[in-house]
Amino acid sequence: QVQLVESGGGSVQAGGSLRLSCAASGHTSTSYRLAWFRQAPGQAREGVAAAYTSARTTFYAASVKGRFTISQDNAKNTTYLHMSSLTPEDTAMYYCAAAPYPYSGSWSNPDGYNAWGQGTQVTVSS
């Protein structure tokens with residue numbers, strides 16, 4: 001199983017940008033679907049973006065498409081989430097998650113992931 005550690009969260013004003021990082025260790029030679037989720041207080045965990053380590057395929061939630069970009073540096077076993085044009089509605093704890101091949105279910109269903117990071121807080125002020 002892969003281990004994940006997020007970093008890069010913080011506080012930013014509306015309209016600003018942040019880049020989150022998710023460093024993977026352990027069984028990184030396996031093909032994975034890596035995803036970013038977020039969870040605001042009192043709300044369900046929401047899929048934000050996902051990508052496959054073995055293919056240039058990405059997925060985005062409608063709420064972030066055009067503003068967020070997921071990318072990977074396979075040499076560093078690190079997945080990034082570039083966030084721009086941030087709004088207060090983007091305020092949440094952000095988690096990265098990994099699902100090993102064969103993948104099950106929709107990329108945005110958290111039940112399909114068996115490894116999670118500890119989360120990094122993103123706070124956007126108006």
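Sequence positions, counted from 1, serve as the residue numbers for this chain. Since the structure is predicted, the reported quantities are computational estimates derived from the model, not experimental observations.
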Practice item. Look up atom OG in Ser11 and atom CG in Leu86, then write down how far apart they are to the nearest 0.5 Å. Key: 11.5 Å
Check your understanding: Any side-chain heavy atom of Leu4 within less than 4.5 Å of one from Tyr95?
Key -> no
Review point. Looking at Glu6 and Tyr94, what are the two nearest heavy atoms and their distance?
Key: OE2-O, 4.0 Å
Practice item. Check whether more than 12 heavy atoms from other residues, nucleotides or ligands sit under 6.0 Å from atom CD of Gln118, and answer yes or no. Key: yes
Point to revise | Tyr80-Ile70 co-clustered via ILVMFWY side chain contacts under 4.5 Å | key: no
Point to revise | Taking every non-hydrogen atom, the tightest pair across Thr120 and Ser7 | key: OG1-C, 4.2 Å
Review point. Do the rings of Tyr101 and Tyr103 sit parallel, tilted or perpendicular, given the 30° and 60° boundaries?
Key: perpendicular
Check your understanding: Roughly how far, to the nearest 0.5 Å, is OG of Ser84 from CZ of Arg19?
Key -> 13.5 Å
Check your understanding: Is any side-chain heavy atom of Trp107 closer than 4.5 Å to a side-chain heavy atom of Arg33?
Key -> yes
Point to revise | Sub-4.5 Å side-chain heavy-atom contact between Lys76 and Ser21 | key: no
Practice item. May I ask whether Trp36 and Trp116 are part of the same hydrophobic cluster, defined by side-chain heavy atoms of I, L, V, M, F, W, Y residues being less than 4.5 angstrom apart, directly or through others? Key: no
Point to revise | Option among Val64, Leu18, Thr69, Val12 that satisfies the side-chain contact (heavy atoms from CB on, under 4.5 Å) test with Met83 | key: Leu18
Check your understanding: What heavy-atom pair brings Gln39 and Gln43 nearest, and what distance separates the two atoms?
Key -> NE2-O, 3.1 Å
Point to revise | Within one Ile-Leu-Val-Met-Phe-Trp-Tyr cluster: Val2 and Leu81, side-chain cutoff 4.5 Å | key: no
Review point. Could you state the interatomic distance from CD (Gln13) to OG1 (Thr123), rounded to the nearest 0.5 Å?
Key: 13.0 Å
**Study point:** Between CZ on residue Phe68 and OG1 on residue Thr58, distance to nearest 0.5 Å
**Key:** 14.5 Å
Review point. Would you say the side chain of Glu46 lies within less than 4.5 Å of the side chain of Ser63, judging by non-hydrogen atoms?
Key: yes
Practice item. Evaluate the side-chain proximity of Arg38 to Thr91: yes if any heavy-atom separation is below 4.5 Å, no if none is. Key: no
**Study point:** Proximity of Phe59 and Tyr52 rings by center, below 6.0 Å
**Key:** yes
Exercise for review: For Leu34 and Ala98, work out which heavy atoms get closest and say how close.
Suggested key: CD2-CB, 3.5 Å
Check your understanding: What are the two closest heavy atoms between Ala99 and Gly112, and how far apart are they?
Key -> CB-O, 3.3 Å
Point to revise | Minimum heavy-atom distance Thr87-Val124, with the two atoms named | key: O-CB, 3.3 Å
Exercise for review: Could you tell me the separation between the OH atom of Tyr32 and the CG atom of Asn74, rounded to the nearest 0.5 Å?
Suggested key: 13.0 Å
Practice item. Mark yes or no for whether Ser108, through its side chain, and Gly47, through its backbone, hold a donor-acceptor pair below 3.5 Å. Key: no
